[in-house]
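Here is the structure we will look at, set down as structure tokens.
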Amino acid sequence: MEKDRVRAGIAVWTVVLSALAALSVPAAETTFPEGLSLEGQALAGLTLEEAREMAEGWAQVMAGQTVVLEVGDESVSTTAADLGFRWENEEAVREALSAYENSSLVKRYMLTVDYQEDPRDVRLETSVDDEALRAFVEENCKGLEATGQDATILRENGQFYVTPEVTGVEADIEATISALQGAIGAGLDEPVLAKAVTKEDPPRITAQALETIQDVLGTFSTDFSSSGAARSTNLSVGAGKINGHVLMPGETLSGYDCLQPFTVANGYQTAAAYENGQVVDSIGGGVCQIATTLYNAALLAELEITQRQNHSMSVGYVKPSQDAAIAGTYKDIKITNPYETPIYVEGYTEGRRLYFTIYGQENRPAGRQIRFESETLSVTDPGAPREVLNPSLQPGTRKQVQSAHRGIKSRLWKVVLVDGVETERSILTTDTYNASPAVVQVGPPLPEQPALTQPGASPGGGQEPVQQAPGDGTTPTKPLLPGGEDRPHIPGGMLPDPQAPEDPQPLEPETADPQEQPKKPGSSAPQPLTPETQPPEPGGTTTLPQPWTEGTTPQTQSPEPGGTTSQTQPLVPESRTPQVQPQTWGDRSSGKTGAPSTPTLPEATDLPDPSGQSGRQLVPTVGEER
């Protein structure tokens, strides 16, 4: 026991003497004991200054360390310094190294014992700049992207051709940045390697979806044989801009968006259009017939009609309430695909007819048929022609520059039949069309001239005086007629009532009423109307007194804007059935639909005046109905 006490005392004095001896050693020569290291390298025997130099050397090595990013089959590299390298715990490292030297002898002894029992490794904490790292990743991952492509479908020569989709590949920037940060954070004592992360960009439209497009859901056509070259061009150009559109489930097609801008550069020409109750010249005139034809095809396909407005005045290529107008964004035709499979819109012109067909996958019940019936509720007479003085015309001449349009109130019925039995009847729309009188340009009044007598005739010989010719070698334009009436001369001897409205264009000229009276050769006079079909007084409104059957609609079917009208045939009531006119059928049992025949209208004219300018004015405003 006594020996142990002695030994303990000797150890204490040894420590004390060692500490006293250490006090006599200069501070610059103080070295670190065993058990302390920097980044895994021992600091034993090194002074504080040497340890600090080692730490700074390590920081420089880390800053210059190579950082490699694998992008696909290629690799790009940079350095930690270029990425904004930072030594985050520099002060903490300096304090850790200084702790031994700045301690008392007793504290150093205790630290020495601690380092031996539990070695300590001082680590350098580093980082890079986040913005610099993101820029490096984004710049070098551009080549990794492969743009995906939707599957496409094209109809040629009666067949559909589908081009498969291409799945896109793009870099996942956020995931790549995270991977690179993790690799750098694991240590910069050796080169850093990370791999760019990619993700697939699936196509919106697949070939599998497009291959379901096989059946005709609805088809409709309208006639434009009365159109001039400019309007015909507009129909062909406009139909081509809609042709080939694919609508995925829930997608909407806007006729205006497809067709605009209405400019010469976009392929359109100047033709007639409606504006503020007048016929005016407009670039793109006629495209309302495109909207109308597409509208009826969409009805037969039972698509959702998101937007549709009727014309301000009636048109001649469809029956009332079956038209659709386009006027800027205020009037548009918008159709939406309500089905779970895509649909394909086909539009083209052929043989002076405009066609639209909706294709898709037929899932409606077999034996189900639909038809649409136009019902005229009332007709308003346009009133007497409106005369407009045109000083450029020859004196006494008259020129009609706009046809009359009767006002019409109508509605459209949708009728559903299953196995030939009507199961549903509903009103789709109720529309009003404004009445508009004919517009006639008149020249200045004829100058007063003395009456001439026939050579050899005595003043009392009973011969009628005749009007002197204008003196320019032309036929008198405004002869005095028997009875003293000062009215224009009409070939054939008929004198039209100036208060009577313009005669309507027959809807079905190929199926004229069997009771029609033949006309005498050389006469353009209309045949007598039955009492039930006498026109109303100018400006009046007539509610039809009795039902009418298809083909005997008693309202004016106005021609397309700029077109001309011919005399109507007698309209004779044939039955007491409601005045509705079946227009189109969709036969679900056969998978096909039929389009009704439409009238062949006379050729439209641009009505140039003698000055070489058009009789209609060109006013390109957004309110035009083309």
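Computation of the quantities below employed the complete heavy-atom set of this structure, encompassing side-chain atoms and omitting hydrogens, waters and symmetry-equivalent molecules.
- Contact detail for Pro338 and Leu303: the closest heavy-atom pair is CD-CD2, 3.8 Å.
- Here the side chain of Asp281 pairs no donor or acceptor atom with the backbone of Thr270 at under 3.5 angstrom.
- With rounding to the nearest 0.5 Å, the separation of CD1 in Ile408 from OG in Ser314 is 4.0 Å.
- Within 6.0 Å of CD on Gln214 lie more than 12 heavy atoms contributed by other residues, nucleotides or ligands.
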Side chain to side chain contact (heavy atoms under 4.5 Å, CB included) between Tyr344 and Ile358, intermediate numbers included: CA-CA 6 Å; Tyr344 179 94; Ile358 311 296; over 6 Å; no
Derivation and outcome, side chain to side chain contact (heavy atoms under 4.5 Å, CB included), residues Leu217 and Tyr359: CA-CA 5 Å; Leu217 303 182; Tyr359 293 92; 6.0 Å; no
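- Looking at Ser232 and Ser227, their side chains never bring a donor and an acceptor atom within 3.5 Å of each other.
- A donor atom on one side chain and an acceptor atom on the other are not found under 3.5 Å apart for Arg411 and Ser321.
- Side-chain atoms of Pro249 and Thr341, non-hydrogen and from C-beta on, never get closer than 4.5 Å to each other.
- Here OG1 of Thr222 is found 7.5 Å from CG of Leu235. Values are rounded to the nearest 0.5 Å.
- Residues Tyr433 and Pro320 meet the side-chain proximity criterion, which asks for heavy atoms closer than 4.5 Å.
- Contact check for Ile370 versus Arg368: side-chain heavy atoms found under the 4.5 Å cut-off.
- Although no hydrogens or angles enter the test, the distance criterion places a donor-acceptor pair under 3.5 Å between the side chain of Glu362 and the main chain of Arg364.
- For Arg308 (side chain) and Asp323 (main-chain N/O), a donor-acceptor pair under 3.5 Å exists by modelled atom type.
- When the shell of 6.0 Å around CD of Glu200 is examined, it contains 12 or fewer heavy atoms from other residues, nucleotides or ligands.
- For the residue pair Asn243 and Gly347, the shortest heavy atom distance occurs at OD1-N, 3.1 Å.
- Aromatic ring centroids of Phe356 and Tyr348 lie 6.0 Å or more apart.
- Stacking of Arg352 on the aromatic ring of Phe224 is not recorded, the 6.0 Å distance cut-off and the 45° axial limit not both being met.
- Glu165 places a side-chain N or O within 3.5 Å of a backbone atom of Ala207 that can act as its donor or acceptor partner.
- Residues Asn310 and Lys331 bring no donor and acceptor atom of their side chains to less than 3.5 Å of each other.
- Judged by distance alone, the side chains of Ser436 and Gln402 do bring a donor and an acceptor atom under 3.5 Å apart.
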Audit row: Ser410, Thr430, side chain to side chain contact (heavy atoms under 4.5 Å, CB included) steps and yes/no: CA-CA 6 Å; Ser410 60; Thr430 299; over 6 Å; no
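- Here Leu299 contributes atom CG and Ile305 contributes atom CD1; the two are 5.0 Å apart, rounded to the nearest 0.5 Å.
- The existence of a salt bridge linking Arg204 and Glu251 is confirmed by a sub-4.0 Å separation between a basic side-chain nitrogen and an acidic carboxylate oxygen.
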Check against side-chain hydrogen bond (donor to acceptor under 3.5 Å, both in side chains), Gln269 and Arg231: CA-CA 7 Å; Gln269 298 184 16; Arg231 189 175 188 276; over 6 Å; no
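- At least one side-chain heavy atom of Ile213 sits under 4.5 Å from a side-chain heavy atom of Phe160.
- Smallest separation of non-hydrogen atoms from Asp223 and Arg353: CB-NH1, 3.5 Å.
- Salt bridge status for Glu375 with Lys319: absent, with no side-chain N to carboxylate O gap under 4.0 Å.
- Of the possible polar contacts, one joining the Asn234 side chain to the Gly285 backbone as a donor-acceptor pair under 3.5 Å is found.
- Asp381 contributes a side-chain N or O that, together with a main-chain N or O of Gly383, makes up a donor-acceptor pair within less than 3.5 Å.
- Between Cys258 and Leu253, the closest side-chain pair of non-hydrogen atoms falls below 4.5 Å.
- Note that SG of Cys288 and NE2 of His311 are 3.5 Å apart. Values are rounded to the nearest 0.5 Å.
- Annotation for Ile326 and Gly255: closest pair CD1-C, 4.2 Å, computed over non-hydrogen atoms.
- Contact between Leu210 and Thr152 at its shortest, heavy atoms only, is CD1-C, 3.5 Å.
- Around the CD atom of Glu422, the shell of radius 6.0 Å holds more than 12 heavy atoms that belong to other residues, nucleotides or ligands.
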Test log, rule side chain to side chain contact (heavy atoms under 4.5 Å, CB included), inputs Leu300 and Thr219: CA-CA 7 Å; Leu300 288 168; Thr219 184; 5.6 Å; no
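- Side-chain atoms of Tyr161 and Arg155 include no donor-acceptor pair closer than 3.5 Å.
- Checked by atom type and distance alone, the side chain of Asp201 never pairs as donor or acceptor with a backbone atom of Glu170 at under 3.5 Å.
- Within the 6.0 Å centre-distance limit, the rings of Phe262 and Tyr268 are counted as a close aromatic pair.
- The two atoms that bring Thr147 and Val166 nearest to each other are O-CG1, 4.4 Å, heavy atoms only.
- With hydrogens and angles disregarded, a donor-acceptor distance shorter than 3.5 Å links the side chain of Asn296 to the backbone of Gln322.
- Residues Val216 and Thr357 form a side-chain contact, since some pair of their non-hydrogen atoms from C-beta on lies under 4.5 Å apart.
- The NE2 atom of His245 sits 10.5 Å away from the CG atom of Leu294 when rounded to the nearest 0.5 Å.
- With a 4.5 Å cut-off on side-chain heavy atoms, Ile290 and Leu354 count as touching.
- Between His405 and Pro382, every side-chain heavy-atom pair lies at or beyond the 4.5 Å cut-off.
- Judged purely by atom type and a 3.5 angstrom limit, Thr176 uses its side chain to pair as donor or acceptor with the backbone of Val197.
- Between the side chain of Asp332 and the main chain of Lys334, no donor-acceptor pair closer than 3.5 Å is present.
- In summary, Glu373 and Arg425 engage in a salt bridge, as defined by a charged side-chain N under 4.0 Å from a carboxylate O.
- Here the OG-CZ distance, from Ser378 to Arg406, works out to 12.5 Å after rounding to the nearest 0.5 Å.
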